[in-house]
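Report on the structure given below.
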Amino acid sequence: MMDDLVRGVEAALFAAEEPLTAEELSAHLGGADVREALRELEEHYRERGVRLVERARRWQFQTAPDLA
């Protein structure tokens, strides 16, 4: 179920000490294809106080630029 996968990706990224690649997230979540979940979360957080960003193929949450 996509909602469960989105929640799992979100939780893994919040708990991670370092940014994670899609492959690392996938391995952590039992081999699931996480790309669509990452895009859904990226869109969800686009206008919020934190943003989901990808840098150097690694995903992380960061403070929105206008609030940094």
Side-chain angles (χ1 to χ4, degrees):
M1 177 176 224
M2 188 54 132
D3 288 343
D4 288 340
L5 181 57
V6 170
R7 292 180 67 231
V9 168
E10 182 179 42
L13 287 169
F14 269 113
E17 293 182 18
E18 297 181 357
L20 299 172
T21 66
E23 294 79 15
E24 290 168 331
L25 283 162
S26 177
H28 179 71
L29 297 167
D33 184 352
V34 299
R35 290 174 293 180
E36 182 61 33
L38 285 165
R39 296 295 174 212
E40 188 173 323
L41 286 167
E42 185 179 37
E43 179 64 28
H44 174 77
Y45 283 98
R46 187 174 309 279
E47 301 299 323
R48 300 184 64 92
V50 294
R51 305 264 172 90
L52 178 60
V53 297
E54 180 185 20
R55 291 212 167 76
R57 296 190 62 235
R58 295 186 174 274
W59 291 87
Q60 67 183 17
F61 284 104
Q62 70 178 31
T63 305
D66 62 317
L67 299 175

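Values below: every heavy atom of this structure, side chains too, minus hydrogens, waters and symmetry copies. Starting from 1, each residue takes its place in the sequence as its number.
For Arg46, the CZ atom is densely surrounded, since the number of other residues' heavy atoms within 6.0 Å is greater than 12.
A salt bridge (charged side-chain N to carboxylate O under 4.0 Å, His left out) check over residues 58-67, counting only residues at least two apart or in different chains, returns the pairs Glu24-Arg58. The list of side-chain hydrogen bond (donor to acceptor under 3.5 Å, both in side chains) pairs with a residue in residues 25-37, not counting sequence neighbours, reads Asp33-Arg35. Listed by first and then second residue, the salt bridge (charged side-chain N to carboxylate O under 4.0 Å, His left out) pairs that reach into residues 9-18 come to none, sequence neighbours excluded.
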Query raised in the report: Would Arg55 and Gln62 satisfy side chain to side chain contact (heavy atoms under 4.5 Å, CB included), going step by step from the backbone distance to the final call?
Result: CA-CA 11 Å; Arg55 291 212 167 76; Gln62 70 178 31; 2.7 Å; yes
Requested in this report: Take Tyr45 and Val50 through the test side chain to side chain contact (heavy atoms under 4.5 Å, CB included) and record every step on the way to the result.
Outcome: CA-CA 6 Å; Tyr45 283 98; Val50 294; 3.7 Å; yes
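Interatomic distance, Arg39 CZ to Leu52 CG, rounded to the nearest 0.5 Å: 9.0 Å.
The shortest distance between side-chain heavy atoms of Leu25 and Thr21 does not fall below 4.5 Å. The shortest side-chain heavy-atom distance between Pro19 and Glu54 does not fall under the 4.5 Å cut-off.
Under the 4.5 Å side-chain heavy-atom criterion for ILVMFWY residues, a single connected hydrophobic cluster contains both Phe14 and Leu29.
Heavy-atom minimum distance, Ala32 versus Leu5: CB-CD1, 3.7 Å. Between Val9 and Ala37 the shortest heavy-atom distance is CG2-CB, 4.0 Å.
Of the candidates Leu41, Leu38, Val53, Trp59 forms a side-chain contact (heavy atoms from CB on, under 4.5 Å) with just one, namely Leu38.
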